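What you see is a predicted model; the values in this text were computed from it and never measured. Letters A, B, ... are given to chains in the order of the sequence lines, protein chains preceding strands, and every chain is numbered from 1.
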Number of protein chains: 2
Amino acid sequence: MAARTRRPERRQEPLSRERIVSAAVELLDTVGEGGLTFRALAERLATGPGAIYWHVTGKTELLAAAAEAVVGPAIAGADTDATPQEAIRALALGVFDAIDAHPWVGAQLARTSWQSPMLRVFERVGRQVQALRVPEAAQFTAASALMNYILGVAGQNAVNTRTVQPGTDRTEFLDTVATAWAELDPGQYAFTRDVAGQLREHDDRTEFLAGIDLILTGIAARR
Amino acid sequence: MAARTRRPERRQEPLSRERIVSAAVELLDTVGEGGLTFRALAERLATGPGAIYWHVTGKTELLAAAAEAVVGPAIAGADTDATPQEAIRALALGVFDAIDAHPWVGAQLARTSWQSPMLRVFERVGRQVQALRVPEAAQFTAASALMNYILGVAGQNAVNTRTVQPGTDRTEFLDTVATAWAELDPGQYAFTRDVAGQLREHDDRTEFLAGIDLILTGIAARR
DNA sequence: GACACCTCTGGAACGCTGTTCCAGCGAGTC
DNA sequence: GACTCGCTGGAACAGCGTTCCAGAGGTGTC
């Protein structure tokens with residue numbers, strides 16, 4: 001028994017939404033999307049699965065909160081004294097870099113439509129679209145196109161990091177795919193073969209920005 | 001036993017990969033993404049879950065095959081005697097319409113990187129990019145941007161149909177979101193409020209095509 | 001001090017999933 | 001008739017998100 005001598009074995013910090021969310025982010029970062037389970041999370045927090053549900057309604061909300069925690073700060077910067085184009089680029093890169101640092105965020109954003117934080121991105125992209133003097137009737141189209149492109153890249157980024165074995169690095173992965181492309185049937189896949197080299201050597205970030213610029217050029221030309 | 005008179009109670013058709021995939025497509029179309037389980041599929045095929053695994057390696061392959069079955073025919077058309085822009089539009093619309101008719105395909109395509117059938121889309125988009133006389137060094141970028149945009153729309157389309165309750169129709173759903181947008185804080189969400197009306201009245205297909213055209217314009221301007 | 005509250009805990013259990021296992025059926029072959 | 005082998009389908013397994021609930025621990029009231 002020795003009930004007298006038992007130490008105050010109660011957990012140092014009490015459970016809280018913040019502690020749960022930040023533990024979830026750590027788990028997602030280290031073990032990946034599939035690694036976030038309520039049991040693993042409970043173990044990390046030295047509690048049981050049931051306790052977590054007191055602070056969080058379910059996995060959906062938990063993932064949304066984790067994404068918010070990571071993306072929120074990344075898009076918080078001010079876009080004063082910058083051209084609209086530069087502001088949009090900076091915003092898009094903020095999202096991109098957050099996804100790059102936390103691949104699971106890409107899947108999460110692509111899965112959850114325009115709730116926060118992507119609604120905030122939409123708002124700020126839209127304002128810059130207005131600053132570009134895009135006709136009112138075309139503003140929704142312009143901002144939507146940018147959002148869809150960003151979310152498309154987000155999703156693909158997530159897919160790629162999910163596909164790659166945890167052991168291999170990015171260069172090796174690109175090399176494998178590029179080699180596979182180069183060995184496709186020349187009749188059926190002439191173009192894909194042609195650009196296999198560009199796939200091998202491209203930089204994701206630069207390429208992402210080039211796509212943004214393509215759309216921005218399109219928007220400017222239509223003004 | 002009356003073994004003599006027993007009808008050929010053996011299932012009419014034997015199990016086969018095609019039967020399984022087409023049953024999966026039916027299930028996905030009627031019950032949605034979450035409705036495709038091996039048990040439901042087995043019941044529909046009047047067999048057990050184990051039998052399915054003889055013809056299909058697992059759920060991943062099954063989903064890929066289902067997407068291929070739906071998207072494959074949609075992008076099979078020939079693009080002879082059409083301008084490159086028209087060919088790209090037609091191709092993109094083929095993918096869009098397939099997704100529109102089978103919402104789960106959007107999620108599937110967005111989830112599986114550029115395997116078939118999206119690699120075939122990439123190839124054919126790329127050829128038209130070459131036909132547009134885009135400099136070699138920019139071809140990968142141009143084709144990738146189009147692909148990422150298409151996949152972004154695909155993913156968002158899937159999200160929206162997943163969010164909406166099976167009861168309500170699209171108009172009602174758009175109305176709800178647009179109303180919510182119109183009631184946002186004017187200080188923080190000025191732009192979003194401004195375009196709430198455009199959200200309510202927009203047509204997905206037209207909007208999708210407008211985005212494609214924006215990128216095409218950007219590509220042409222950079223030539 | 002005793003009692004009743006009420007927030008919060010965490011382990012057990014539920015129903016569901018994808019997947020594996022394997023006894024056995026039925027047609028074709030020696 | 002026996003043997004083989006492609007194929008079947010029901011049972012079982014491990015894991016998931018989620019729910020349930022007995023009870024611990026702190027706080028306020030008499």
Walk me through it: do A/E207 and B/T141 pass the test side chain to side chain contact (heavy atoms under 4.5 Å, CB included)? CA-CA 6 Å; A/E207 208 67 34; B/T141 301; 2.3 Å; yes
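Ranking C/dT9, C/dG18, D/dT18 by closeness to the A/F38 side chain, first place goes to D/dT18. You'll find that the side chain of B/T47 is closest to D/dT8, out of D/dG17, D/dT8, C/dT9.
Look at CD on B/E43: it is 11 Å from P on C/dT17, rounded to the nearest Å. Across the protein-nucleic acid pair, B/Y53 atom OH and D/dG10 atom P stand 16 Å apart, rounded to whole Å. Rounded to whole angstrom, the span from the CH2 atom of A/W54 across to the P atom of C/dC6 amounts to 12 Å. Distance B/I52 CD1 to D/dC7 C1': 13 Å, rounded to the nearest Å. Put simply, CG on B/L36 is 14 Å from C1' on C/dT19, counting in whole angstrom units. In this structure, CG of A/L45 is placed 16 Å from C1' of C/dG11, rounded to the nearest angstrom.
Take the nearest nucleotide of DNA chain D for A/G50 and for A/G34: the residue whose nucleotide is more 5' is A/G34.
Within the nucleic acid shown, A/L41 has no heavy atom closer than 4.0 Å to any nucleic acid atom.
Contacts between residues 57-67 of chain A and DNA chain D, defined by a heavy-atom separation below 4.0 Å, involve A/G58, A/K59, listed by number.
A/L93 places a side-chain heavy atom less than 4.5 Å from the side chain of A/F208. For the pair B/L209 and B/F96, the minimum side-chain heavy-atom distance is 4.5 Å or more.
On a pure distance criterion of 3.5 Å, a polar donor-acceptor pair joins the side chain of A/R39 and the base of D/dG17.
Without hydrogens or angle criteria, A/K59 side chain to A/L36 main chain gives a donor-acceptor distance under 3.5 Å. The backbone N or O of A/A110 lies less than 3.5 Å from a partner atom in the side chain of B/Q156, making a donor-acceptor pair.
Considering B/R124, B/R127, B/E123 as possible partners of A/T192, the one that fulfils the side-chain hydrogen bond (donor to acceptor under 3.5 Å, both in side chains) test is B/E123.
Between B/F191 and B/W181, the ring center distance fails the sub-6.0 Å criterion.
Not one side-chain nitrogen or oxygen of B/H55 sits closer than 4.0 Å to the OP1 or OP2 atom of D/dG6.
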